[in-house]
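Fair warning: this is a prediction, and the values are worked out from it, not measured in the lab.
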Amino acid sequence: MISANLSAIFYLISGVLFILALRGLSSPDTSRKGNYFGIAGMIIAIIVTFLSVGNFSTSLVYVVIFLLIGGAVGAFIAFRIPMTAMPELVAGFHSLVGLAAVFVAIAAFLNPEAFNLGVAGGIKLASLIEMSIGAAVGAITFSGSIIAFLKLRGIMSGSPITFGGQHFLNLILGIGIFILIYYLCISQSANIFWTVIMISFFVGVLLIIPIGGADMPVVISMLNSYSGWAAAGIGFTLENTALIITGALVGSSGAILSYIMCKAMNRSFISVILGGFGADSSSSNKKEKKDQKPVKSGNAEDAAFLMKNASSVIIVPGYGMAVAQAQHALREMVDKLKKNDIKVTYAIHPVAGRMPGHMNVLLAEANVPYDEVFELEDINNDFANSDVAFVIGANDVTNPVAKTDPKSPIFGMPVLDVEKCKSVLFVKRSLSPGYAGIDNELFYKDNTLMLFADAKKMTEDIVKNLD
Amino acid sequence: MEIDPFIFRLSIFILSIFIGYYVVWSVTPSLHTPLMSVTNAISSVIIVGAIIAALAGSSDSVFGGSSIFGFLAIVLAAINIFGGFLVTQRMLQMYKKKKDKKK
């Protein structure tokens with residue numbers, strides 16, 4: 001058994017290693033090293049915990065067995081999961097962190113002696129507050145992530161579920177949790193503790209159901225943040241530095257990602273949380289006559305011809321590419337173009353896909369070198385000097401309406417200036433509007449050629465026609 | 001007057017939020033997905049609480065009382081730790097520069 005001071009120092013070291021793990025992600029070159037730092041920090045934390053408890057009884061054997069069972073399941077998932085399924089995987093993992101936080105809080109509440117928090121029924125006031133907050137946030141993270149997972153997986157419809165008085169109910173339940181925690185502190189009653197957890201599970205569900213599928217990048221980041229705060233709450237209860245540092249890191253990381261995502265959609269965080277976006281169709285009524293406007297559509301042959309005669313092509317991928325699993329075919333197409341000395345780059349909008357950085361991972365999976373992939377602000381000026389923009393599976397993020405029509409719901413959202421290219425190839429299954437429910441003016445521009453097909457099928461056909 | 005140890009923990013917490021703020025802003029946007037999966041993995045350091053809870057059981061009732069919750073939390077956190085770090089590693093392996101593949 002090692003002293004409490006020594007183990008505290010080791011926990012601090014593992015906290016520092018976690019900071020370095022995140023620091024490594026500032027560039028793909030250093031990121032792999034960063035991941036090793038993270039793993040090292042985790043190993044130190046686990047070993048120190050074993051040593052500081054110093055209970056080498058039969059329990060220890062079972063702990064190791066359970067650890068390995070979980071580890072095997074985790075490893076199995078990590079190797080099998082396709083990259084297109086990353087958003088739901090991350091949502092699923094968040095739910096596990098949340099539930100683990102709830103379980104640890106329950107264990108601490110039932111057996112405070114093991115954690116030096118006083119005796120059952122006489123838990124230290126500060127610890128009681130910390131553990132109930134940790135449990136409540138953990139429970140919200142758990143049930144919220146489950147809903148997010150179901151929506152991303154397509155098991156549950158991605159359209160927002162709203163009902164009258166929803167926000168009022170959430171507010172009441174939120175206040176209710178705080179009142180119950182107050183009474184819990186006075187009475188130390190186990191029943192109140194269970195009630196807090198139950199209500200929190202319920203709140204998590206209510207929080208996520210009104211949020212539409214396309215706002216998922218914000219939801220995932222937000223739940224990431226919650227899982228951090230839950231960990232930090234438990235960290236305070238356990239008086240564990242590693243957990244406090246990690247919780248703060250993860251909490252702020254998720255918060256920053258939510259902020260970046262909201263900004264990229266020009267929406268306030270509050271309006272995303274309140275949800276219901278994409279559900280109302282009032283704005284689309286007057287657009288109906290616009291649908292009569294002529295659209296130029298073409299086939300793979302036309303597209304191949306256009307690109308072959310271009311000197312620079314910018315590819316704009318979106319969620320549709322992920323759905324169609326078209327990234328490998330796309331890569332093949334780009335290779336052919338490069339052989340003809342055509343300059344090809346990729347332009348990625350921050351909210352393309354269902355989670356932050358989703359498109360980058362898919363392109364990396366298809367062996368696209370990361371130095372050919374550019375973010376919105378780095379590439380937006382290049383559209384004017386390029387010959388062809390190849391939009392595959394993206395829609396709203398290219399809509400010029402965001403710059404021209406103040407009445408549009410997406411007005412002010414930063415968009416890719418695709419229309420400035422000499423010609424635009426737009427791969428899409430139909431003319432239907434994107435999730436925002438607004439028509440894309442780009443479809444009707446003179447220099448736009450619509451390619452109506454499944455993204456993967458169309459790309460493969462273009463590849464054939466490039467020979 | 002003595003300072004409550006809680007204040008020290010609070011200081012660590014607040015300072016860590018600031019560290020997190022600056023470190024995360026310096027993460028390149030193309031690595032935002034690995035960022036989420038690695039934060040997921042490290043937040044599972046909550047396993048330390050789970051281990052303490054699980055080891056609290058006596059040798060004749062290993063799963064008795066509160067320790068069963070500890071064991072359940074160990075499984076959940078372990079899925080996350082292994083799954084999170086490995087899937088991050090798998091993703092990061094795919095990020096390659098241009099010259100790596102040109103030959």
A:L99 versus chain B, heavy atoms under 4.5 Å apart: side chain, backbone, both or neither? both
Qualifying side chain to side chain donor-acceptor pair (under 3.5 Å) pairs, either residue in residues 246-261 of chain A, two or more places apart: none
So what's closer than 4.5 Å to chain B heavy atoms on A:F79: side chain, backbone, both or neither? both
A:L17 portion near chain B, given a 4.5 angstrom heavy-atom threshold: neither
For B:T39 and A:N224, test the side chains for any donor-to-acceptor distance below 3.5 angstrom and give the result as yes or no. yes
What part of A:S31 is in contact with chain B, defined as an atom under 4.5 angstrom from a non-hydrogen atom: side chain, backbone, both or neither? both
Measure A:I234 against the heavy atoms of chain B and call it side chain, backbone, both or neither at under 4.5 Å. side chain
Under 6.0 Å between ring centres, would you say that holds for A:F236 and B:F6? yes
Would you call the rings of A:W229 and B:F13 parallel, tilted or perpendicular if under 30° counts as parallel and over 60° as perpendicular? perpendicular
Would you call the rings of B:F71 and A:Y62 parallel, tilted or perpendicular, taking 30° and 60° as the class edges? perpendicular
Honestly, the part of A:L22 sitting under 4.5 Å from a heavy atom of chain B is both
Which answer fits A:V63, side chain, backbone, both or neither, if we ask what part of it has an atom under 4.5 Å from a heavy atom of chain B? both
Excluding sequence neighbours, so at least two apart, what forms side chain to side chain contact (heavy atoms under 4.5 Å, CB included) with A:D378? A:F374, A:E375
